[in-house]
Each structure stands twice: as C-alpha cells, then as structure tokens.
Amino acid sequence: VFFYNIMFKILGRAGVWDLVDRFWEDMVADKVAATNITFSTLIDACGRAGKRQEALLWFQTMQERGLEPDQVTINTLINLHKRAGDLKAAELFFNGAWRTCATDVAASRPAQGKRSRDLVAYNTMIGMYGRAGDYIGASRMFADMMLAGVSPDFITFNTMIYICGCSGRREEAEALFKRMENKGAVADETTYNIMISIAGKEGDGAGALRYLEKMKAAGMEPDDVTFRTLICVISASGMVKETEQILAHVRELKFSLG
RNA sequence: CGUUUUUCGUAGG
C-alpha cells in the first residue's frame with residue numbers, strides 16, 4: 001500500500017491520470033488492500049486538478065468496498081467542495097450528508113447524529129467562508145467550534161485573523177492576535193506575516209515593522225514571505241531608508257526572493 | 001504514505 005499511496009500522490013500532482021489508473025489496476029490485481037490513506041490521496045489529487053466528479057467516484061468505490069471513511073477522508077471531501085467553490089455541498093458533507101448519497105450532492109441530506117467534525121474540518125469551513133468573503137459565516141463557524149468543545153489552534157486563528165484583514169477589521173485582527181495566547185495557540189511565522197500584511201493594507205509601515213520586531217522577540221526567524229511582504233509594505237509607505245536597510249539585510253542572509 | 005491558514009512571481013485566460 002505504501003508504495004501505491006506514494007505513487008498516487010506523485011502521479012496525481014503531475015497530472016498523469018492514465019498512470020494513476022494503471023497503478024490502480026495493478027493494485028487490484030495484486031490484491032493489495034486500499035486504505036483510507038489511499039482513497040483520501042486519490043480524492044485530494046483529483047480535487048487539486050479540479051476533477052470533482054472523478055474524486056466522488058473514488059469515494060463511491062471506497063464505500064462499495066465497505067470501507068468507512070475516517071476523519072481525514074471526510075475532511076478531504078469537504079475540502080474538495082470548498083475548492084470547487086460549492087459552499088452548499090461542503091456544508092452538507094460537514095453535516096454528515098455523505099452517508100445518504102455520496103456522488104449526487106443535491107440528493108443528499110444532513111445526518112444529524114453521525115456528524116464528525118474535528119479541528120481540521122472546522123478550519124476548512126472557516127477558510128471557505130473567508131474565501132467567499134463571508135466574514136459573518138466564518139465568525140459563526142468559529143463560535144460554533146468552541147461551543148462544540150473543539151479548541152481553536154494556530155491555524156484557526158491565522159485564518160480568522162486573515163479574514164479580518166480582508167474585510168478591513170484590523171482592530172479585531174489585533175484582538176484575535178492577543179487572544180491566541182490565552183487559548184493556548186502559539187503564534188507562528190505565518191501569524192506574524194499576516195499581521196504585517198494587514199498593517200500594510202492601511203499603509204502603516206511602522207506598524208508592520210513593529211510586528212517584525214515582535215516576531216524576532218518571540219524567537220522566530222523571519223522567512224522569505226516575511227521579507228517579500230515587508231518590502232512591499234514599507235516601500236509603498238514611502239519609507240525609503242527602512243526599505244534599503246531591509247533589502248541590505250536580506251542580501252546578507254542570502255535569501256532569494258525572486 | 002493522506003486533509004485546513006499567510007506574500008510575490010511566471011504561464012494561461
């Protein structure tokens with residue numbers, strides 16, 4: 001299985017679907033049992049390529065074999081619909097509707113008792129509302145997860161903070177940033193990168209630099225994304241001197257920013 | 001060996 005799973009992932013990303021099919025036939029012929037990992041890999045690969053119907057067919061195959069999807073597979077299916085921009089389908093699967101009808105989403109209905117929603121499932125849903133520009137929907141999901149007793153992690157916060165930035169809610173972004181600590185979520189490089197970019201949207205180059213300092217103070221290494229974001233922000237703010245300093249610093253660190 | 005978050009670029013449209 002190990003070998004096949006890895007092959008599916010590689011071939012899927014490369015878009016070599018005829019080989020995917022060939023390996024699948026080999027796998028069946030060799031009587032190697034496909035697992036949840038196999039199917040979630042296949043579903044995800046199809047999803048990345050925009051082949052939603054193909055992905056759902058893999059899911060159907062899985063169910064026909066009597067294999068129950070685990071949480072990762074369910075999350076992969078939710079993400080499949082998210083990628084397709086199909087909020088309704090994602091919500092249905094999030095609500096356990098995949099049990100009633102896997103491939104025909106319109107014919108499926110929520111299964112109240114058998115929902116399984118973990119941290120990643122909530123994070124996926126929040127990100128989906130964010131991408132749809134629905135701040136209200138994202139906040140509601142954020143509240144729901146805590147009511148359900150699922151603790152937000154740094155990805156949850158990063159996503160929420162980013163969404164606040166997109167909708168011009170800098171105050172709330174700052175508040176969430178501060179709230180992370182109390183919730184046991186530790187800010188990472190991405191968190192700081194998002195805060196820097198939010199400051200940039202308001203032309204606040206000085207604020208962006210403050211977050212760079214906080215980042216270093218927290219013992220983190222600014223990465224290539226940090227510098228790309230920062231240079232864009234402070235040069236747009238007309239901070240010529242600071243921009244030159246950062247650029248010089250970047251060269252010392254032998255970063256390649258493209 | 002599988003799922004969720006940040007910047008920019010390139011190609012396509």
Side-chain angles (χ1 to χ4, degrees), chain A residues 1-13 23 27 32-48 50 55 58-59 62 67 69-83 90 93-94 98 116-131 138 141-142 145 150 152-166 173 176-177 180 185-201 208 211-212 215 220 222-236 246 250 255-258:
Chain A
V1 252
F2 230 86
F3 167 74
Y4 286 106
N5 292 345
I6 294 171
M7 288 315 287
F8 289 138
K9 179 169 181 176
I10 294 173
L11 294 172
R13 301 215 180 201
F23 274 100
M27 194 176 182
V32 176
T35 64
N36 258 289
I37 297 186
T38 312
F39 286 107
S40 62
T41 301
L42 286 163
I43 291 166
D44 187 54
C46 291
R48 289 180 192 281
W58 283 117
F59 181 49
M62 174 176 174
L67 188 56
D70 66 6
Q71 187 63 53
V72 173
T73 301
I74 293 168
N75 293 343
T76 305
L77 286 160
I78 294 170
N79 191 36
L80 175 74
H81 292 127
K82 173 190 167 187
R83 263 198 260 265
F93 273 47
F94 181 69
W98 52 268
S116 59
R117 311 162 151 187
D118 71 349
L119 175 61
V120 172
Y122 278 105
N123 287 347
T124 305
M125 293 299 286
I126 291 171
M128 179 180 73
Y129 291 118
R131 205 187 63 179
M141 201 80 267
F142 184 57
M145 84 186 278
V150 178
D153 69 349
F154 69 102
I155 293 187
T156 317
F157 279 101
N158 288 352
T159 309
M160 282 304 302
I161 290 171
Y162 174 67
I163 292 169
C164 289
C166 288
L176 283 167
F177 178 81
M180 288 184 79
V186 182
D188 70 344
E189 289 83 351
T190 299
T191 316
Y192 288 96
N193 290 345
I194 295 168
M195 294 309 296
I196 289 170
S197 115
I198 289 177
K201 281 186 207 265
Y211 274 102
L212 176 68
M215 184 179 190
M220 265 168 299
D223 57 14
D224 53 334
V225 175
T226 311
F227 287 119
R228 261 196 292 271
T229 309
L230 201 57
I231 287 166
C232 189
V233 167
I234 63 182
S235 61
I246 296 287
V250 165
F255 261 126
S256 57
L257 303 185

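Because the structure is a prediction, the values reported are computed rather than measured. Chain letters run A, B, ... following the sequence lines, proteins first and then strands; every chain starts at 1.
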### Task
Could you check which of B:rC1, B:rU3, B:rU6 has an atom nearest any side-chain atom of A:Ile37?
B:rC1
### Query
Rounded to the Å, how far apart are A:Met160 CE and B:rU5 C1'?
12 Å
### Message
Does the plane of the ring in A:Tyr122 sit parallel, tilted or perpendicular to the ring in A:Phe94? Use 30° and 60° as the thresholds.
### Response
perpendicular
### Message
Just so I know, are the side chains of A:Ile246 and A:Leu212 near enough to count as touching, which here means a heavy-atom distance under 4.5 Å?
### Response
yes
### Query
B:rU3 P sits how many Å from A:Trp58 CH2, rounded?
17 Å
Got a list of protein N/O to nucleotides 7-9 of chain B N/O distances below 3.5 Å?
residue : atom : partner  : partner atom : Å
B:rU7   : OP1  : A:Tyr162 : OH           : 3.4
B:rU7   : O4'  : A:Thr229 : OG1          : 3.3
B:rU7   : O2   : A:Arg228 : NE           : 2.6

## Note on the structure
Heavy-atom closest pair (A:Ile161 atom, A:Ile194 atom, distance to 0.1 Å) is CG2-CG2, 3.8 Å
### Task
Please report, rounded to the nearest Å, how far the C1' atom of B:rU4 is from the CZ atom of A:Arg117.
16 Å
### Message
Regarding A:Ile155, tell me which of base, sugar-phosphate or nothing describes its non-hydrogen contacts under 4.0 Å with the strands shown.
### Response
base
### Task
Using heavy atoms and a sub-4.0 Å distance, could you list which residues of residues 69-77 of chain A are near RNA chain B? By number, please.
A:Asp70, A:Val72, A:Thr73, A:Asn75, A:Thr76
### Heavy-atom side-chain proximity of A:Lys9 to A:Asp44 below 4.5 angstrom
no
### With sequence neighbours excluded, residues passing side chain to side chain contact (heavy atoms under 4.5 Å, CB included) with A:Arg131
none
### Query
Sequence neighbours excluded, which residues qualify as side chain to side chain contact (heavy atoms under 4.5 Å, CB included) partners of A:Ala45?
A:Trp17
### Message
Once you apply a heavy-atom cut-off of 4.0 Å, does A:Thr159 come out as touching a base, just sugar-phosphate, or nothing?
### Response
sugar-phosphate
### Query
How close or far is atom P of B:rU3 from atom CE of A:Met62, stated in whole angstroms?
15 Å
### Task
Provide, to the nearest angstrom, the distance between the CD1 atom belonging to A:Ile161 and the P atom belonging to B:rU5.
15 Å
### Query
Rounded to whole angstrom units, what separation is found between the CZ atom of A:Phe142 and the C1' atom of B:rU5?
13 Å
#### Entry: Mutual orientation of the aromatic rings belonging to A:Phe39 and A:Trp58 [parallel < 30°, tilted 30-60°, perpendicular > 60°]
tilted
### Query
With sequence neighbours excluded, what pairs up with A:Ile37 under the side chain to side chain contact (heavy atoms under 4.5 Å, CB included) test?
A:Asn5, A:Thr35, A:Thr41
### Task
Spell out yes or no: do the side chain of A:Thr41 and the base of B:rG2 have one donor N/O and one acceptor N/O closer than 3.5 Å?
no
### Query
How is A:Arg131 classified with respect to the nucleic acid when contacts are heavy atoms under 4.0 Å: base, sugar-phosphate, or nothing?
nothing
### Task
Name the closest nucleotide to the A:Ile194 side chain, picking from B:rG2, B:rU5, B:rU4.
B:rU5
### Task
Could you state the atom-to-atom distance from CD1 of A:Ile126 to P of B:rU4 in whole Å?
15 Å
### Message
Can you tell me if A:Lys9 touches the phosphate of B:rG2, counting only side-chain N or O atoms and a distance under 4.0 Å to OP1 or OP2?
### Response
yes
### Residues which pass side chain to side chain contact (heavy atoms under 4.5 Å, CB included) with A:Leu257, listed by chain and number, not counting sequence neighbours
A:Asp224, A:Phe227, A:Arg228, A:Ile231, A:Val250, A:Phe255
### Option among A:Asp153, A:Asp188, A:Asn123 that satisfies the side-chain hydrogen bond (donor to acceptor under 3.5 Å, both in side chains) test with A:Asn158
A:Asp188
### Query
Hey, does A:Asn36 reach any base, or is it just sugar-phosphate, or nothing, if we go heavy atoms under 4.0 Å?
base
## Note on the structure
Atom CZ of A:Phe59 and atom C1' of B:rG2 are separated, to the nearest Å, by 15 Å
### Query
If you look at every strand shown and take non-hydrogen atoms under 4.0 Å, does A:Arg13 touch a base, only sugar-phosphate, or nothing?
sugar-phosphate
